[in-house]
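All remarks here apply to the structure that follows.
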Amino acid sequence: MSTSLPGLPSRVEVYEVGPRDGLQNESTVVPVEVKAEFVRRLLGAGLTTVELTSFVPARWVPQLADAEELLRRLGELPGRHPVLVPTDRGLDRALACGVREVAVFASATETFAQRNLNRSVAASLDMFAPVVARARREGLAVRGYVSMCFGDPWEGAVPLDQVADVAVRMHEMGCTEVSLGDTIGVGTPGQVRALVDQLTARGLPVDDLAVHFHDTYGQALANTLVALQCGVTTVDASAGGLGGCPYAGSATGNLATEDLVWQLHGLGIDTGIDLAALVRTSAWMAGQLGRPSASRTVLALLEEQ
Ligand code: MG
């Protein structure tokens, strides 16, 4: 039985990142047919937004080298199904596949921008601006990720203004949604409220924000609840908790979609997701990867059966 809390939305859009963010950060390379089956099962479980893959050079991310083949096998899909495109060349490839939504991945910190994109924060935003502008001219929706919003493994705490500057710039360059990422999972609820408040005060509509929490320090669901209380209604999560963070050292990475859905449904918030079907999907995927799911909810519900 669900019990509501005041000040929460009646519906939340769960933005599933497992096939891209999850599998990109798994050491096992999953065959393309298994990826296609994973996506079909996620859609079958009621997920409406699934980030499919990344159009990056194969030498950068060998786990996602089959992007074109995956999209070809999937064909027309219902709902939102964005792909990551770091460059103009990536956008070319995505457009050739008929993609309708893309995402770019920026950093709030200089060290991560250098390590991940081999350029400064300012230079990386200058690189993304024409990609975003062209995608918008082509009629695509564009998600802008801001990573390292609450902490950086090399720089420590990240000043709020520095994060807000990057998020606002991405929105101004044409991103239709900005996802605030706690890439190493160190953030706590007060920081979440402070960041969302600053962004809305600077004119970034809360409807254009999403949150992307990692559970490294067990804070992901507490942070999510505060984001919802601030008016955010799009929450990123990864089925079965797929994908650690290679920079965080520990095994726990993305917030598990099942753990998120357990909380949302418990609060009486509609997601359209069939939790039992999602748990079966993640249990099946864990079998493909040869290890147990990282989701507490998956483990608990499997135990009950
Ligand atoms: Mg992530």
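Read the numbers this way: they start at 1 and go in the same order the structure lists the ligands and their atoms. Quantities reported herein were computed from a predicted structural model and do not represent experimental measurements.
Counting only residues at least two apart or in different chains, salt bridge (Lys or Arg N to Asp or Glu O under 4.0 Å) contacts with residues 260-285 comprise Arg11-Asp270. Screening residues 164-177 for salt bridge (Lys or Arg N to Asp or Glu O under 4.0 Å) gives Arg80-Glu177, Asp126-Arg169, Arg143-Glu177, Asp165-Arg202 as the qualifying pairs, with residues at least two apart or on separate chains.
Residues His81 and Leu71 are not in side-chain contact: their nearest non-hydrogen atoms beyond the backbone lie 4.5 Å or more apart. By the 4.5 Å heavy-atom criterion applied to side chains, Phe105 and Asn116 are counted as neighbours.
Shown are the protein N/O/S atoms under 2.8 Å from the Mg ion (ligand 1), given by residue and atom: Asp21 OD2, His212 NE2, His214 NE2, Asn254 OD1.
Phe128 pairs by the ring-ring contact (aromatic ring centres under 6.0 Å, His included) definition with nothing, not counting sequence neighbours.
Side-chain polar atoms of Thr48 and Glu13 form no donor-acceptor pair below 3.5 angstrom.
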